[in-house]
Amino acid sequence: MVFLATTEVVGRHRPPVEHLDPAPPTSSFPSGHVSAAVAFYCGLALVLTTHTRNRALQVVIWVLGVAAPLSVAFSRLYRGMHFLTDVSWGLLLGLVCVVVAARAILFRRVGAEGRPAVALKAQAQAS
């Protein structure tokens, strides 16, 4: 919803270059493809790494979780669909979505201590 509202308010035209595929009807700013890719792949990486204890596997998951949105960003630039600022703001928008979701899901308050649910779960497993 934030993406659609922003495209309506800003109404930026696509770059004046030859496009490799038809342009969507929304404006260029921000890149919805990039923000959706960040939200999905980084969100998925966040969920998977909270359930994985192997540190090497966590690193691999995050490398893939960051590489996928970056490849989408490069693709959108290469295809002439966005300016660099469109892609940058798309990355930021997706990151904000991941942070909001992480705070709502992973760090909700539990009990009187007010400690994050993730910390309580780790302490319970260590006991």
Side-chain angles (χ1 to χ4, degrees):
M1 297 304 292
V2 172
F3 160 72
L4 290 175
T6 305
T7 60
E8 287 299 316
V9 171
V10 175
R12 184 178 194 179
H13 293 292
R14 305 251 172 215
V17 297
E18 184 179 341
H19 299 155
L20 297 179
D21 48 342
T26 56
S27 75
S28 177
F29 182 86
S31 174
H33 284 87
V34 174
S35 59
V38 170
F40 177 75
Y41 289 108
C42 292
L44 183 63
L46 182 66
V47 170
L48 290 176
T49 55
T50 58
H51 297 303
T52 305
R53 293 180 190 216
N54 185 332
R55 188 71 167 153
L57 185 56
Q58 289 177 344
V59 170
V60 169
I61 290 169
W62 273 108
V63 166
L64 294 173
V66 170
L70 289 178
S71 66
V72 170
F74 176 76
S75 164
R76 300 307 287 169
L77 289 170
Y78 177 78
R79 293 183 153 304
M81 292 293 146
H82 294 288
F83 294 100
L84 182 60
T85 52
D86 303 337
V87 169
S88 300
W89 279 97
L91 287 167
L92 183 63
L93 178 60
L95 184 63
V96 167
C97 290
V98 171
V99 168
V100 168
R103 289 189 53 85
I105 296 167
L106 299 177
F107 299 109
R108 60 181 173 244
R109 293 185 176 260
V110 177
E113 302 94 25
R115 294 184 16 205
V118 174
L120 291 175
K121 181 179 176 185
Q123 182 182 12
Q125 289 175 349
S127 299

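Because the structure is a prediction, the values reported are computed rather than measured. The analysis underlying the following values was restricted to heavy atoms, covering all of them including side chains, and did not include hydrogens, waters or symmetry mates.
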J.: If you measure from NE2 on H82 to OG on S31, what distance do you get to the nearest 0.5 Å?
T.: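 Taking NE2 in H82 and OG in S31, the distance rounds to 3.5 Å.
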J.: Would you give me the side-chain donor-acceptor pairs under 3.5 Å for residues 89-96, sequence neighbours excluded?
T.:
none

J.: When hydrophobic residues are tied together by side-chain contacts of less than 4.5 Å, even through go-betweens, does L48 share a cluster with V98?
T.: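 Looking at the clustering, V98 is in a separate group from L48.
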J.: Grab the two heavy atoms, one from A102 and one from L46, that are nearest each other, plus how far apart they are.
T.: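 What the structure gives for the nearest pair is CB-CD2, 3.4 Å.
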J.: What's the shortest heavy-atom distance between R76 and V87, and which atoms?
T.: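 Shortest heavy-atom contact: CB-CG2, 4.5 Å.
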J.: Donor-acceptor pairs under 3.5 angstrom involving side-chain atoms of residues 61-70: please list them, not counting sequence neighbours.
T.:
residue, atom, partner, partner atom, Å
W62, NE1, T49, OG1, 3.3

J.: Membership question, hydrophobic clusters at under 4.5 Å side-chain separation (ILVMFWY): are L77 and V38 in the same one?
T.: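 Yes; L77 is reachable from V38 via cluster members.
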J.: Spell out, yes or no, whether L44 and L57 are grouped together once hydrophobic residues are joined by side-chain heavy atoms under 4.5 Å, including indirect joins.
T.: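 Looking at the clustering, L57 is in the same group as L44.
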